[in-house]
Amino acid sequence: MAGEIREKRAEDRLHFHAFKGWETEDFGSEYDLFFVSNFMYEMGFNGTLIPFLKKVNRSMVTGGIFISNHISTDTQGESRLITKIMELMTRTMGYVTHHLPESMLKNALTEAGFGEFKAQYPDENLPFPTLILSAKKIKNM
């Protein structure tokens, strides 16, 4: 990602920071965009999702956009079968789940100071249909 930013000569406008959310005490500050993908599942079920999202909130400017990309169980047909098989494999490996319900994520984001949600719902033509959900930081935490 950083190489692509340099190639497009956008390093004065765009900065990429990678970190492990569960190990990082502080993400820094003044982010306009915060993107997470496929790792908050367990947080939704072990009580750490809201504290994590409040930490994200503190790292962002008011009006900044949070984007989440997660496998959805709100699917039909063959995609539903694929997500059920993935959920079975996940639980067999000892994890609670491998999905994050939209309602749980929206409720946690609201409590963490986010709102104005926009969603792109799963595309049934993709092998791993994901829900992409964005929210705007509307108040400081």
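Since the model is a prediction, treat every value here as computed from it, not as a measurement. What's counted below: heavy atoms across the whole structure, side chains too, no hydrogens, waters or symmetry copies.
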key: Qualifying residues under salt bridge (charged side-chain N to carboxylate O under 4.0 Å, His left out), relative to Lys106, sequence neighbours excluded   = Glu102
Minimum heavy-atom distance between Ile50 and Ala112, given as atom pair plus value = O-CB, 4.4 Å
remark   = Rounded to the nearest 0.5 angstrom, the CG-OG distance for Leu109 and Ser134 is 10.0 Å
message = According to a hydrophobic-cluster definition based on side-chain heavy atoms being under 4.5 Å apart (Ile, Leu, Val, Met, Phe, Trp, Tyr only), do Leu49 and Phe117 belong together?
response = yes
query = Looking only at heavy atoms, which two atoms of Lys137 and Met60 are closest? And how far apart?
reply = NZ-O, 2.6 Å
inquiry  = Does any part of the side chain of Tyr31, heavy atoms only, come nearer than 4.5 Å to the side chain of Val56, both counted from C-beta?
reply    = no
request  = Step through it carefully: locate the ring centre of Phe66, locate the ring centre of Phe35, and say whether they are under 6.0 Å apart.
outcome  = no
ask   = Can you find a heavy atom in the side chain of Lys136 that is under 4.5 Å from one in the side chain of Phe114?
value = no
Student check: side-chain heavy atoms of Leu133 and Lys118 closer than 4.5 Å = no
ask   = Any donor and acceptor pair, going by atom type alone, linking the side chain of Asn57 with main-chain N or O of Asn140 inside 3.5 Å?
value = no
request  = Test Leu53 against Met43 for side chain to side chain contact (heavy atoms under 4.5 Å, CB included), laying out the working first.
outcome  = CA-CA 10 Å; Leu53 292 172; Met43 290 179 184; over 6 Å; no
message = Is the shortest side-chain heavy-atom distance between Thr130 and Gln120 below 4.5 Å?
response = no
ask   = Roughly how far, to the nearest 0.5 Å, is the NE2 atom of His70 from the OG atom of Ser37?
value = 6.5 Å
message = Could you check whether any side-chain heavy atom of Val36 comes within less than 4.5 Å of a side-chain heavy atom of Ile67, counting everything from C-beta outward?
response = no
task = Report the residues that fulfil salt bridge (charged side-chain N to carboxylate O under 4.0 Å, His left out) with Glu111, sequence neighbours left out, ordered by chain and then residue number.
result = none
task = Would you please classify the geometry between the Phe27 ring and the Phe34 ring as parallel, tilted or perpendicular, with 30° and 60° separating the classes?
result = tilted
query = Within a strict 4.5 Å, meaning less than it, do heavy atoms of the Ile132 and Ser68 side chains meet?
reply = no
